[in-house]
Amino acid sequence: MSMFRRIFNLFSRSHMEREIDAELRSHIEMRIEDNIASGMSPDEARRDAHLRFGNLISTKEHVTHADATLTLYSIWLDIRFGRRQLRKNFGFSCTAILVLSLGMCASVALFAFVDAVLIRPLPYQSSSRLVALFESTPLGSRFHLSYLDYLDWKKQNKVFESLEAYDKVYFALNTATETQLVDGATVSAGFFRTLGVTPVIGRDFREGEDTPSVPRTVMLSYAAWQSRYGGRQDVLERTLTIEGVPYVVIGVLPREFHFAPAGPAEFWTSLHESSNPNNRGNHGLLAIARLKNNVSVESAASDMTSITQQLAKQYPDSDEGRGATVLPLTEVIVGRLRPVLWLLLCGATLLLLIACVNVSGLILVRSENRRHETAVRAALGASRMRLIRQFATEGVILAAAGSLLGISATYGAISLLLQLVPVNMLREMPYLQHLGLTPHVLLFAALVGLVMATLFSLTPILCLSLSDMRAGLVESGRSGAKTAWKHLGANLVVLELCTAMVLLAGAGLLGKSFYRLLHADIGIEPDHLAMMRLRAPHSRYPKDEQIVALAQRFMDEAGRLPGVQSVAVAHQIPAADIAGGNTTFEIIGRPQHGSTNESSGRQVSANYFNTMQARLARGRYFAQTDDASKSRVMIVNQAFARKFFPGEDAIGKHIRYDASTPPIEIVGIVNDIKEGPLDTEVQPVLYTPFSQEPDNAFYVILRTAHAPQELLQPLERTAHSIDPNILTFGPETMDDRISHLQSTYLHRSSACLIGGFAGAALLLGVVGLYGVIAYSVSQRTKEIGVRMALGAQRHAVYRLILKEAGRLAAIGISTGILCSVATASLIRNLLFGTQPWDAATLAGVSILLATAALLASYIPARRAASVNPVEALRAE
Amino acid sequence: MAKNDLQGTLDLLVLKTLSQKGECHGYGIVLHIQQASDDLLRVEEGSLYPALHRMEQRGWISSDWALTETKRKAKYYKLTSAGRKKLVEVEKDFEHLVKGVRAILRYA
């Protein structure tokens with residue numbers, strides 16, 4: 001009770017003192033009463049009582065000291081004093097706080113991303129037991145599997161509690177007024193049970209609901225429920241028309257549910273694949289599975305391998321050469337981002353390090369300048385502990401102010417960074433929707449703040465104990481402490497320059513590899529290309545001829561748009577996140593020995609290569625006459641020719657997809673075109689005429705003499721004027737398409753962010769160097785005066801100062817180069833066409849840093865050289 | 001070696017007084033020590049209060065304002081359970097000290 005009262009009274013010291021005063025006075029009064037009772041006169045009684053009690057004021061002070069709650073009060077006084085000190089040195093405090101908040105903001109913002117993407121578990125039940133399954137082929141490890149393979153995997157495996165298939169699709173949603181293209185996914189019945197997700201309203205798919213005979217059902221994402229149906233309960237049992245087929249809404253998924261591999265799907269239908277045995281080669285599904293307890297990913301993979309080997313023997317036509325890939329689901333969802341995010345967090349941490357070192361340096365200079373004040377306070381009776389507490393309080397205030405400002409800036413930085421992510425990429429990364437100042441992030445920020453507070457309290461204490469306090473009283477005393485300080489300050493600057501060098505080198509390398517990426521030969525001329533994907537509804541264009549005619553009509557009409565030079569159509573176009581579109585084939589006249597050949601397949605119109613401005617290596621391009629009535633022809637890329645016809649001429653050779661399809665003659669070889677991401681090797685690709693293998697979904701590509709952006713809207717209008725039922729997908733220019741590629745984006749964002757950090761680091765490092773040199777000059781004014789009085793020339797003074805700065809810069813930069821080569825080898829995987837020890841980059845950034853360092857030390861050197869020896873000596 | 005010193009002795013006297021008298025104000029403690037020791041011990045009144053406040057901070061005693069018999073406001077102290085434990089401890093320490101000092105005095 002009394003403790004409460006005391007704490008309550010803490011901030012009114014007078015109240016506290018009144019209480020002590022009252023207690024002591026009541027003692028004296030009681031003694032006086034007793035004295036009077038024993039017969040003394042009132043005066044005598046009072047005198048005696050005071051005599052016995054001793055010095056009232058000093059007793060009161062002793063009592064106050066004994067009160068621990070008052071220690072809190074004195075800390076409050078320290079804070080007030082510290083605040084006053086910091087306000088008095090406004091420039092110093094502002095610089096320190098800004099620098100700190102910069103470092104804090106960068107590191108906390110990046111940590112928020114790391115937390116949202118890598119640390120926070122996926123919103124599924126025990127998500128660490130979930131794996132993703134792919135079919136592996138000779139071309140790579142992550143390909144779709146066929147429905148029949150999925151059924152066999154599901155039936156035969158002994159390692160999974162459940163194994164479910166899904167696929168990301170676009171649905172044509174027929175509303176009363178129009179046909180809309182919506183994001184959707186189609187999943188097997190147990191998909192959500194495997195993830196451990198239950199609908200917020202309605203029910204999940206029932207077992208067996210994913211077979212063709214059952215009535216069609218659909219589940220809605222929470223967002224679709226809210227935006228399209230106003231969150232009404234009566235959405236259940238409602239019938240929607242998707243692709244012209246009625247579907248009954250059976251449930252709504254939870255708000256926090258997301259499944260990145262299916263994108264921002266709004267409509268989730270159950271699979272309705274037919275189990276026709278001829279469809280085994282029809283690869284269109286992806287799969288997830290939940291591991292049984294005590295089964296590792298490795299043992300699951302080996303079980304799956306034995307199953308696929310068995311299947312390959314059983315169905316050599318379709319499953320030859322195919323295996324299974326088992327990966328943790330988190331790896332599939334966020335694996336690509338992991339190295340980039342760690343890189344960026346490391347960059348931000350280095351920046352934070354520089355910021356802290358910089359502020360430590362500032363604090364050192366300041367405590368150096370306060371040596372006299374410290375000595376006076378010590379001489380007046382302040383204990384060492386008391387002084388240390390005062391310095392520590394100031395350090396804590398700095399750290400706290402920097403942290404608070406930094407955290408508020410983080411809030412803005414996060415939303416700024418989010419805005420820099422292209423919208424279509426953001427849709428693919430639903431886990432970013434929980435980005436923000438979560439408890440994890442705040443904890444991280446608190447930890448950083450704590451480290452800063454400790455550092456800034458320890459720095460002046462170190463300085464305090466380095467020195468003999470009494471020496472501080474001697475005004476311009478040249479004590480050993482000064483040299484000690486200079487060593488420490490100089491070491492800090494070397495550390496700063498070294499870190500800045502690492503960041504600059506990293507930024508240089510990433511920037512160079514981004515430049516290389518953008519200027520890499522992708523086999524086509526991407527400028528002045530506009531394109532749009534469209535899909536003709538199956539119901540209206542059931543026959544191949546109809547699609548070919550539609551494509552031809554579209555090309556004719558689009559060709560009349562202003563500025564258009566040539567038009568082409570293609571089933572798939574270059575610069576995709578995943579090359580895909582694979583097909584197996586056999587080479588006629590060559591024995592089938594075991595493994596099947598696999599290649600990407602592309603169906604393109606006759607003028608595709610001309611429109612793209614690809615380069616023909618040999619042979620010929622397709623002609624308009626290569627249509628369904630003529631013999632089948634194909635063009636292959638150089639990678640194809642190299643892989644399947646090494647040392648032979650591929651032209652004139654024949655291949656076929658399988659025994660049931662006609663032979664196709666290779667008539668041309670085209671230079672490699674980057675079908676997939678720009679930073680991967682080109683795989684073998686075969687091109688066939690669109691008119692011989694049409695598809696009801698295709699891209700239209702236009703080459704124009706004007707800005708390609710002008711064509712985007714006319715393109716959509718053209719499509720809808722031909723047939724309003726045609727669905728169109730985001731028209732874009734080729735340049736945009738390339739810069740929106742995931743790989744391009746990752747390269748660009750890491751180059752930009754690390755570049756930003758490096759810029760800040762350069763500034764801080766150079767300011768740090770300036771500080772040290774300027775301080776050293778201010779300390780040596782007298783010495784310089786003497787030197788000049790004795791005949792030293794101005795250039796000798798310049799040399800004196802610049803030599804000191806040059807030594808520090810040289811050490812910092814050379815250790816920095818060593819460190820950069822070491823760290824750059826760690827990020828080798830993130831570099832494209834650039835070696836970690838790229839000499840030009842290292843030399844370039846060294847020169848940049850050295851020049852900046854020279855400029856920073858030139859200013860104090862100039863001041864030193866303009867010292868007036870008479871004044872400098874008179875100041876003695 | 002028993003740890004003891006003059007301050008410890010004052011603590012012992014205060015704690016013992018409070019354990020004998022229950023609740024008591026500072027002046028009462030001074031009077032009690034004087035009377036109980038047949039005027040042999042006189043606590044310096046000024047130095048009593050820092051000791052009381054220190055002991056209160058350590059949680060050995062607690063305090064509250066109340067009226068004396070003469071209707072004067074005074075701060076009354078009483079032992080806490082931690083204080084009672086402490087008392088046993090300091091009493092033992094003191095016995096050790098006395099024994100030790102006496103042994104030295106008897107040494108011939």
Side-chain angles (χ1 to χ4, degrees), chain A residues 1-10 13 15-40 42 44-75, chain B residues 6-8 10-11 13-15 17-18 21 23-35 37 39 41-83 86:
Chain A
M1 180 64 213
S2 64
M3 195 65 196
F4 268 130
R5 193 180 58 222
R6 278 150 179 277
I7 289 174
F8 184 74
N9 290 340
L10 186 62
R13 180 170 179 159
H15 195 113
M16 201 82 202
E17 281 175 342
R18 266 207 304 279
E19 195 176 318
I20 292 169
D21 198 49
E23 183 181 13
L24 300 185
R25 281 192 192 287
S26 87
H27 178 107
I28 294 174
E29 299 293 332
M30 281 191 271
R31 170 67 78 191
I32 293 172
E33 276 172 25
D34 281 0
N35 279 351
I36 291 174
S38 63
M40 289 191 200
E44 218 175 337
R46 181 167 300 275
R47 224 174 64 89
D48 177 71
H50 277 286
L51 217 57
R52 280 176 190 244
F53 195 82
N55 188 340
L56 182 64
I57 291 171
S58 109
T59 305
K60 215 154 64 184
E61 240 152 48
H62 275 111
V63 175
T64 313
H65 270 290
D67 245 306
T69 41
L70 282 175
T71 347
L72 284 176
Y73 184 80
S74 73
I75 288 177
Chain B
L6 278 174
Q7 203 170 51
L10 179 59
D11 287 358
L13 295 179
V14 171
L15 290 173
T17 306
L18 288 178
K21 291 200 60 170
E23 251 184 355
C24 195
H25 48 69
Y27 182 61
I29 295 171
V30 173
L31 287 185
H32 177 84
I33 291 173
Q34 197 176 341
Q35 283 161 9
S37 68
D39 250 1
L41 294 178
R42 281 196 185 196
V43 177
E44 207 180 302
E45 301 181 15
S47 60
L48 172 69
Y49 286 93
L52 279 172
H53 280 247
R54 202 184 55 246
M55 284 192 273
E56 188 182 5
Q57 293 302 321
R58 291 180 185 169
W60 299 345
I61 59 179
S62 63
S63 72
D64 231 331
W65 287 89
L67 289 181
T68 62
E69 296 125 26
T70 56
K71 301 290 174 232
R72 177 175 295 288
K73 256 182 89 175
K75 207 169 175 190
Y76 277 79
Y77 293 90
K78 66 175 179 220
L79 275 186
T80 63
S81 55
K86 187 73 199 170

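Throughout, protein chains are lettered first and strands after them, A, B, ... in sequence-line order, and every chain is numbered starting at 1. Computed from a prediction, not measured in an experiment: that's the story for all the values here.
- Within 6.0 Å of CG on B:Leu67 lie more than 12 heavy atoms contributed by other residues, nucleotides or ligands.
- Partners of B:His25 by ring-ring contact (aromatic ring centres under 6.0 Å, His included), not counting sequence neighbours, listed by chain and number: B:Tyr76.
- Applying the salt bridge (Lys or Arg N to Asp or Glu O under 4.0 Å) test to A:Arg25 and every residue at least two apart in sequence or in another chain returns A:Asp21.
- Sequence neighbours left out, the pairs with a member in residues 41-52 of chain B that pass salt bridge (charged side-chain N to carboxylate O under 4.0 Å, His left out) are A:Arg31-B:Glu45.
- Taking OH of B:Tyr49 as the start and NZ of A:Lys60 as the end, the distance is 13.5 Å to the nearest 0.5 Å.
- The two residues A:Glu23 and B:Trp65 have their closest heavy-atom pair at N-CH2, 3.6 Å.
- Looking at heavy atoms from C-beta onward, A:Arg52 lies out of side-chain contact with B:Val30 at the 4.5 angstrom threshold.
- Within residues 32-40 of chain A, the residues that have a heavy atom under 4.5 Å from a heavy atom of chain B are A:Glu33, A:Asp34, listed by number.
- To the nearest 0.5 Å, atoms CD (A:Glu29) and CZ (B:Arg72) are separated by 5.0 Å.
- With rounding to the nearest 0.5 Å, the separation of CG in B:Leu31 from CE in A:Met30 is 8.5 Å.
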